[in-house]
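Let me begin by presenting the structure, written as structure tokens, before commenting on it.
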Amino acid sequence: MTYNKKSPTFARPTRRAFLGTTAAAVGLASAGTLLGVHPARAQQQRGGTIRVAKGHGNTADTLDPATWTNGFTVALTYGMNGFLTKVGVDGSLEPDVAESWEASSDAKTWRFKIRSGMTFHSGKPVTLDDVIASVNYHRGEDSTSVAKPLVAPIVEITKDGDNVVVFELETGSADFPFVFTDYHMAICPSDGAGSIDWRSGDGCGAYKLVEFDPGVVARFERFQGDWDQNRGFIDKIEMLSIVDLNARTTALVSGDVDAIDKLDLKTVSLLGRNPDISIESIAGPQYYSFAARADTAPLDDVNVRLALKHAINRQELVDKILFGHGTVGNDQPIGPSYRFHNPDLPQTPYDPDKAKFYLKEAGLDGVNVQLSAADAAFPGAVDAAVLYQNSAAAAGITIDVKRVPNDGYWSDVWLKDPFAAVYWGGRPTEDQIFSTAFDSGAAWNDSYWKNARFDELLVMARAELDEDKRRAMYFEMQELVSTDGGTVLPMFANFVFATGKRVVHGDMASNFDQDGERWMERWSLADA
């Protein structure tokens, strides 16, 4: 493969079940086209070049799988890299680099059979050493990977023959194979010294990386030697980072690009009137939130956090920011699309008087906090912050909205400023989203919240194979996050994106934006 950072040139497998009922599909709901419905979809055919504009991408982005943070890098890795497992269109678990897996009766020992004959784009065979090095890259005391909590339960990795890797876990994990669907868990070539070679961009996915200019563009070509010839229909792909919403929308309307994400929901109905454009609105686990650092005064007082939660008008944000493309949230991430969603958790209402009560419990008559926001956090984040400012004023809470630049938001603002707007695409299981964003030791715990009971339940629920006991644990964890946590989560947002008339696709996944961010391998072009 030619890897040129600056040059301007340019049959789906059978799904497996595991551990009986513990392997139930995630069940993420998928909706079809909402507006501007295309004519009947043509049968997918190979060929052509597609250009897709993403509302993400930073100049600080790299190919290091430990650092990926945004939709641009998620789409990049799912296009160019292979993973042990992946999430299918219907939310179930599917094989990829691993063709099968099995667990011991206590789910502490997992054996993955690696697909034979796979190669990286360079022609190098994919071996067990590559798999083990790729997983170990996220493990250990020296690892700075944000996926570190996901692989922390692994105590030993060994080989069994030439094509089986064995994972020994500290405790049982009913959902362990889902860990490897996380977009950080790419299979990269071993560097021969115990780590991986990620700088070369040598992947084993459906597409070869030809060029990567961070914050600007990534270009790909179809990998002719891909093991699965029922994916990767398009010959060449150009993925552009166009964070400016107006520029991104204009590019679609003018036909300069074939698809965009992160639409302006204020004008989405107007855009959908264009017969050459299809608007997709798909419900899933994505949520928009405001992360309040529970380690920073005055947000370190749970009463102040509860006041902030009662001072936000959630329905107003759903109506005015999402324009109906979503639902009200309740300050915890396990929405209705998850298997162990708690439907009986009392909804925190907008109640200025209740917010004042909690301020008094904190010994305060009022409080002043600064809220950082940029539309890079989520479309309409600045407007949402202003609405929050207005609703909170009635409770004696002064929110100073700090509008910050889009570029560098995820490297310079998120995880640094005490109170900031955030979006999360969700994860396929409760354990993954809780481990990634709420575990006390997680690098991406953006509220810096620590709760010993939550951490205890997180480990217990992961190992529990009894569905009823596991459900009770996740119910309690949702309550702890909602009432004690530092995340103000007012809304679950549909994935809303647009495609031009050339794009052909079938049913789409709802675990991430734009067909689970696996559009590179799933979409094709009608005029190829």
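Both backbone and side-chain heavy atoms feed into the values below; hydrogens, waters and symmetry mates do not. None of these values were measured; they are calculated from a predicted model.
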Flag the pair D226 and R231 as a salt bridge only when some basic side-chain nitrogen lies within less than 4.0 angstrom of an acidic carboxylate oxygen.
yes
Measure from the side-chain N and O atoms of D130 to the backbone N and O of T127, and report whether any donor-acceptor pair falls under 3.5 Å.
yes
With the side chain counted from C-beta on, respond yes when I334 and M477 share a heavy-atom pair under 4.5 Å apart, and no when they do not.
no
Taking C-beta and beyond as the side chain, do R462 and T429 meet within less than 4.5 Å on heavy atoms?
no
Between W444 and Y183, how do the two ring planes meet: parallel, tilted or perpendicular, split at 30° and 60°?
tilted
Is any side-chain heavy atom of T181 closer than 4.5 Å to a side-chain heavy atom of T85?
yes
Evaluation steps, side chain to side chain contact (heavy atoms under 4.5 Å, CB included), between L245 and D375:
CA-CA 9 Å; L245 177 58; D375 285 346; 5.9 Å; no
Determine, for D439 against K148, whether the closest basic-nitrogen to carboxylate-oxygen distance falls under 4.0 angstrom.
no
Do D331 and V488 come within less than 4.5 Å of each other through their side chains, counting heavy atoms only?
yes
Give, for atom CG of D244 and atom OG of S241, the distance between the pair rounded to the nearest 0.5 Å.
11.0 Å
d(Q332 CD, L489 CG) to nearest 0.5 Å is 7.5 Å
Could you state the interatomic distance from CZ (F323) to OG (S281), rounded to the nearest 0.5 Å?
13.5 Å
Does any N or O in the side chain of D261 come within less than 3.5 Å of the main-chain N or O of G55, such that one atom is a donor and the other an acceptor?
yes
Give a yes or no on whether the ring-centroid distance for F83 and Y78 is below 6.0 angstrom.
yes
Exam field: side chain K416 to backbone S411, donor-acceptor pair closer than 3.5 Å
yes
Taking the six-membered ring for Trp, are F112 and W110 parallel (under 30°), tilted (30 to 60°) or perpendicular (over 60°)?
tilted
Is R427 salt-bridged to D175, going by a charged N under 4.0 Å from an acidic O?
no
What's the spacing between S435 OG and N445 CG if we round to 0.5 Å?
11.0 Å
Which of these, N81, T73, L76, D202, sits in a side-chain contact (heavy atoms from CB on, under 4.5 Å) with L63?
L76
Side chain to side chain donor-acceptor pair (under 3.5 Å) with S145: which of R139, H184, H138?
H138
When you measure from the side chain of S134 to the backbone of C188, do you find a donor-acceptor pair of N or O atoms at a distance under 3.5 Å?
yes
Can you tell me if R248 uses its side chain to pair, donor with acceptor, with the backbone of I260 under 3.5 Å?
no
Does the distance from a Lys or Arg side-chain N to an Asp or Glu carboxylate O, for R51 and D256, drop under 4.0 Å?
no
Search all heavy atoms of V382 against all heavy atoms of A374 and return the closest pair with its distance.
CG2-CA, 3.9 Å
Does any N or O in the side chain of Y207 come within less than 3.5 Å of the main-chain N or O of I234, such that one atom is a donor and the other an acceptor?
yes
Tested for ring pair (Phe, Tyr, Trp, His ring centres under 6.0 Å) against H56, the lone hit among F512, F72, Y409, Y423 is Y423
So for atom CZ, which belongs to R46, do other residues, nucleotides or ligands contribute more than 12 heavy atoms lying within a distance under 6.0 Å?
yes
Separation between NZ of K262 and CZ of F497, rounded to the nearest 0.5 Å:
11.0 Å
Nearest-0.5 Å distance that lies between atom CG in D527 and atom CD in Q45
8.0 Å
Got Y137 and S195 here, is their nearest side-chain heavy-atom distance under 4.5 Å?
yes
Check: K266 and D383 side chains under 4.5 Å, non-hydrogen atoms:
yes
P490 and S289 have their tightest heavy-atom pair at CD-CA, 4.0 Å
Considering all heavy atoms, the nearest I277-A498 contact:
CG2-CB, 4.0 Å
Close side-chain approach of S116 and N163, heavy atoms under 4.5 Å:
no
Nearest atoms (heavy-atom pairs only) where E430 meets H341:
OE2-N, 4.4 Å
Give a yes or no on whether the backbone of V496 and the side-chain of N494 come within a donor-acceptor separation of less than 3.5 Å.
no
Taking 4.0 angstrom as the limit, do D197 and K124 come out as a salt bridge?
no
What do the steps show when you test T249 against N246 for side-chain hydrogen bond (donor to acceptor under 3.5 Å, both in side chains), and what is the final call?
CA-CA 5 Å; T249 304; N246 290 331; 5.6 Å; no
Quick one about E94 and S92 (side-chain donor to acceptor, distance below 3.5 Å, no hydrogens or angles considered), yes or no?
no
Angle class for the F290/F378 ring planes (parallel below 30°, perpendicular above 60°, tilted otherwise)?
perpendicular
Atom of S372, atom of D417 and distance for their closest heavy-atom approach:
OG-OD2, 2.6 Å
A206 versus G232, closest heavy-atom pair with distance
CB-CA, 4.4 Å
Within the side chain of D61, is there an N or O that forms a donor-acceptor pair under 3.5 Å with the backbone of N58?
yes
Q44 (side chain) donor-acceptor with R522 (main chain) under 3.5 angstrom
yes
Which is it for Y288 and L322 under the side chain to side chain contact (heavy atoms under 4.5 Å, CB included) test, yes or no, and what are the steps along the way?
CA-CA 10 Å; Y288 295 164; L322 300 183; 3.6 Å; yes
Do NZ/NE/NH1/NH2 and the carboxylate oxygens of R502 and D258 come within less than 4.0 Å?
yes
Side chain to side chain contact (heavy atoms under 4.5 Å, CB included) assessment of V151 paired with M185
CA-CA 10 Å; V151 294; M185 301 300 297; 3.7 Å; yes
With ring centroids as reference points, do W68 and W410 lie under 6.0 angstrom apart?
no
Hey, does V135 have a side-chain heavy atom less than 4.5 Å from the side chain of F167?
yes
State whether the side chain of R115 and the backbone N or O of D96 hold a donor-acceptor pair below 3.5 Å, judged by distance alone.
yes
Begin with the C-alpha distance, continue with both residues' side-chain angles, and end with the deciding distance and a verdict on salt bridge (Lys or Arg N to Asp or Glu O under 4.0 Å) for D191 and R199.
CA-CA 10 Å; D191 66 359; R199 291 176 176 83; over 6 Å; no
For M508 and W523, what are the C-alpha separation, side-chain angles and deciding distance, and is it a side chain to side chain contact (heavy atoms under 4.5 Å, CB included)?
CA-CA 10 Å; M508 290 191 286; W523 295 0; 3.9 Å; yes
